[in-house]
Amino acid sequence: MSRLLHTSFLPSSTSLHSKSRSSVPNFRANKPRIVPVRAKIREIFMPALSSTMTEGKIVSWVKSEGDKLNKGESVVVVESDKADMDVETFYDGYLAAIMVEEGGVAPVGSAIALLAETEEEIADARAKASGGGSDSQSPVSPPPPVSEAPAVVEKKVSVPPPSIVSASSVHPASEGGKRIVASPYAKKLAKELKVELAGLIGSGPMGRIVATDVEAAVAEGGAASAVKTEVPAAAAAAPGVELGSVVPFTTMQGAVSRNMVESLSVPTFRVGYTINTNALDALYKKIKSKGVTMTALLAKATALALAKHPVVNSSCRDGNSFVYNSSINIAVAVAIDGGLITPVLQNADKVDIYSLSRKWKELVDKARAKQLQPQEYNTGTFTLSNLGMFGVDRFDAILPPGTGAIMAVGASQPTVVATKDGRIGMKNQMQVNVTADHRVIYGADLAQFLQTLASIIEDPKDLTF
Amino acid sequence: MQSALSISFSQASLPILNRPLCSSNAGPSTPRNLRFCGLRREAFGFSPSKQLTSCRFRIHSRRIEVSAAASSSAAGNGAPSKSFDYDLVIIGAGVGGHGAALQAVEKGLKTAIIEGDVVGGTCVNRGCVPSKALLAVSGRMRELQNEHHMKAFGLQVSAAGYDRQGVADHASNLATKIRNNLTNSMKALGVDILTGFGSVLGPQKVKYGKVGFPDNIITAKDIIIATGSVPFVPKGIEVDGKTVITSDHALKLESVPDWIAIVGSGYIGLEFSDVYTALGSEVTFIEALDQLMPGFDPEISKLAQRVLINPRKIDYHTGVFASKITPAKDGRPVMIELIDAKTKEPKDTLEVDAALIATGRAPFTNGLGLENINVATQRGFIPVDDRMRVIDGNGKLVPHLYCIGDANGKLMLAHAASAQGISVVEQVTGRDHVLNHLSIPAACFTHPEISMVGLTEPQAREKAEKEGFKVSISKTSFKANTKALAENEGEGLAKMIYRPDNGEILGVHIFGLHAADLIHEASNAIALGTRIQDIKLAVHAHPTLSEVVDELFKAAKVESPASTTAQGVKVAV
């Protein structure tokens, strides 16, 4: 019985035919790719041997220049991302010129050899191959006469050259930016997404470029790299925005707009507080290498404070009653391409800081990829909005409908302060500003909550358990 | 006087007593399995209760029987021959020593085993066993994280996460459990477990003792050295156990670094790359040879690279040595200096969060007192002949002294050590036995697994050229296997290298789902000398992964016909 299920390999035993069923028809479907060039000289293209293949490596030429080829005969063995495969010709003729030597790599769809119909045309074809300037070193550029052929050379969106980016990686071993220090996955992604690593600033340990930096570079494109280097964004942001045009709301913008208007029906008030962050900064420095992020630390601190002040974690929906929410779910506002989303760290008071940081990383990745599930962005009971990374020292936030309070977090910056004992000292301080629904949360509630929060942040040992 | 009695009696009574008791529950094949491999027996300790009971029965019954026969003999361990304390003393209670001890008791030898550390050795405590626990976790993580894979099943899984300490505990609990099983299995049979470091004092004389305590001296008719190995750390590499680690530390899983460099891409390195990438680390391989996975059949390693390396968060440097590795300190990362393997010129510097040194293992043979018997080690390995008999500095055999396992370096695998130990016991009990190392399978427990037995294709072709025979290859793909496809695990290849003239299997290499379990059909065929034309007539249940191997046999083109004693004839009789 199993005998019936047996698939044989290609006749030539050297090649592993692992993707055979899906890729061979694929290749056959691409038959028209071998287009006539000046009637009698055809090109042999790098075939797409799998759905994910972007380039192929020539393992070996089965035939050599001048050999006669019969339709259906193997000409070359190509290594794709999945397997080695024999590539056969669909025309009779002579292998006139090999344009990519063994070991060479060519993108899918580019010419790797020329096929002449008659022996006389071999010379013509060779002239063409060399005339086109495409020797074996540069197989990517097909010879000129082929330009009308439907070459499918993939051109991915390339990230702007590093010209605007002057700051370099600060990795100790990078020798002042001469060496690029990037994690294995970052390198892999950069190659895949065609991002120049030299232009990136690493956010990983000791300035190492990590995968998220590469993803961010792709997502943000030119505008973002300008922001990162703190070059005025105006010039760089201009491309892609057509001035004077009317742009309808996207779905997300529509939703934000509805929510914002709805928020006007809630009577809110604001209370601010200044918190010393030296201890928190020190803690962050200590556990940063374990993947802990500042966002997770703030969320954790907020959640612990909320646990002591359940009313701040409550919500009033109908104006007649309110709910003490059973879990503390911290929503954190994240700006994403074309909008804003609030991934939720559920049970932030109970989950340990390391898991919380991992969860946050995962949520951000998902948010960037627009893959958040509804329960991952609409179950927040308290919202955090942090603009500190831009140097904003204070702002206020609009209360999202359905929640009791939102906290706007400014930058932590060194500030000269007078201490109680009459001395003057330097402390890192951060301003927070909570907007709350006054139907259920009163001034004293917020004040006590903020006092608790300040004491947690100023003595953060509880954050790591 | 009593010795003669008890030996003869226990030997005679064993088979009779064992069979009915064991077979009633565990099937008739159990006793035979037990005899073959030391690890098998302890495995019953945590298998379902049915088998457990049957085994306990067996052991009890034996003890009762023996003590009834020779009332003064305390253990069911045979009695020593005249003038020796023991018939057999084994130095080192790893898997090799354990296998030898069980076989020795089976053969009625009075046996002692000396262990200076913990019973179970590398395999159980710092090797195969805990790493399988980690790999079991990594396999599941990998599956749960692979949304595409899950979707293809119609399953929905929300973000999978793990608790590092929980994973680490699983590994250490497993090691403890297996260690206890191993210890109990020896105690139950009455093997004397002597604690302390053992060394050879002279012919047939061994001393052992703990540091700071007086040594004990015992004599034995035969001695087996089975002291195993420790991770090999090349010079220039500073191991601190935290950021620069060996497999010993890595198995405790005290941290999961963001970026870990793995020096060496053999079995150990590959398995750890599987664990670490599944748990979220990124990995950089450093390999001295020009190819990753140099020990494997080239075709298998090429495919394995496509599946296990390229799509994962792994990059690699080949053809380089890590000439200097310094652990992370003072806020600086782990620094790795790379030099070209051939020209020795500096090539690159890496700075990573951790480095795992997986450059192989070095024999643990220091302090064994080998100078007392004029044996000189070679790179630390104890020289032996093909019967594991130790060879001294003059090229002569040292009588009554054997060395098995990693310490002799023939084939550094737990089950090879055990097989060598059993082979030695066969010899000392009067049955000449030479172990065919080409029939010993090996496996790498990545996802999917890699397994092999016998020669690689280049080795087979070289041998064929020398000896003047032809070599053929047959291959099957897991894509053609129903069970593999049902599991959505069609990625894989099985390959057999054989002689078309007589149907001899030279080597089998499998990369794919459960490859480690599939290899035994081939390794048994090699061990028993079964030819392809005969085994291809054997029937495999459908649909099973075993059909991958069945297809290999059936795809082979052998010139000679099936032997006349094949099944058809037997059935007729």
Side-chain angles (χ1 to χ4, degrees), chain A residues 1-10 13-22 52 59 79-84 171-175 179 181-189 191 204-208 210-211 285 289-291 351-352 354-355 358-359 361-363 365-366 371 373 375-376, chain B residues 147 158-159 161-164 255-259 261 277 280-285 299 302-303 306-307 310-316 328 331-333 335 348-353 472-482 485 490-493 495 540 542-544 547-548 550-551 554-555:
Chain A
M1 186 192 221
S2 60
R3 195 86 185 128
L4 299 173
L5 304 169
H6 177 76
T7 357
S8 60
F9 288 90
L10 274 188
S13 63
T14 52
S15 62
L16 161 63
H17 201 168
S18 78
K19 266 267 168 177
S20 60
R21 275 182 243 168
S22 60
T52 52
V59 176
E79 179 186 324
S80 75
D81 53 340
K82 298 274 197 304
D84 289 356
H171 198 286
S174 62
E175 292 160 19
R179 290 190 48 222
V181 180
S183 80
Y185 186 45
K187 282 186 217 157
K188 214 162 247 191
L189 265 186
K191 195 175 166 218
M206 278 158 288
R208 173 195 306 163
V210 293
K285 213 168 175 182
S289 59
K290 294 177 187 161
V351 178
D352 72 85
Y354 305 102
S355 311
R358 268 200 302 279
K359 183 76 194 167
K361 188 165 171 279
E362 179 197 318
L363 287 170
D365 288 348
K366 274 190 171 175
Q371 282 174 340
Q373 301 298 310
Q375 77 275 9
E376 288 174 319
Chain B
E147 270 175 50
S158 59
Y162 69 93
D163 159 39
R164 184 199 53 75
S255 69
V256 178
D258 288 345
W259 182 2
T277 52
S281 300
E282 296 177 32
V283 168
T284 296
F285 269 120
E299 200 169 348
K302 200 169 181 187
L303 179 62
R306 283 199 181 107
V307 177
N310 296 349
R312 296 184 181 171
K313 296 176 179 180
I314 300 177
D315 70 350
Y316 50 87
R332 290 184 67 79
M335 307 289 288
D348 209 344
T349 307
L350 299 179
E351 43 289 309
V352 295
D353 300 319
S472 289
I473 311 283
S474 72
K475 287 185 234 176
T476 54
S477 163
F478 279 65
K479 275 201 168 59
N481 181 278
T482 310
L485 291 176
E491 196 85 66
L493 166 78
K495 165 178 179 178
H540 293 69
H542 176 77
T544 55
E547 287 172 297
V548 168
D550 186 28
E551 291 294 325
K554 289 195 160 69

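Just so we're on the same page: letters track the sequence lines, and every chain starts at 1.
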On a heavy-atom basis, the closest approach of B:Asp315 and A:Lys187 is OD2-NZ, 2.9 Å
Engaged part of A:Ser289 at the chain B interface, taking heavy atoms whose separation is under 4.5 Å: backbone
Per-residue contact mode, B:Asp163 against chain A (heavy atom under 4.5 angstrom): neither
Side chain to side chain, A:Pro205 and B:Asp258, heavy atoms closer than 4.5 Å: yes
Is B:Arg312 close to chain A through its backbone or its side chain, or both, or neither, when contacts mean heavy atoms under 4.5 Å? backbone
Honestly, the part of B:Val307 sitting under 4.5 Å from a heavy atom of chain A is neither
Structural part of B:Val256 lying under 4.5 Å from a heavy atom of chain A: neither
Counting distance only, does the side-chain N/O of B:Lys313 pair as donor-acceptor with the main-chain N or O of A:Pro184 below 3.5 Å? no
For A:Gln375, look at atom CD and say whether over 12 heavy atoms of other residues, nucleotides or ligands are found less than 6.0 Å away. yes
Does atom NZ of A:Lys366 have more than 12 heavy-atom neighbours, drawn from other residues, nucleotides or ligands, at distances under 6.0 Å? yes
Sidechain-backbone polar pair: A:Lys290 side chain, B:Ser255 backbone, donor-acceptor under 3.5 Å: no
When you compare the side chain of B:Trp259 with that of A:Arg208, does any pair of heavy atoms fall below 4.5 Å? yes
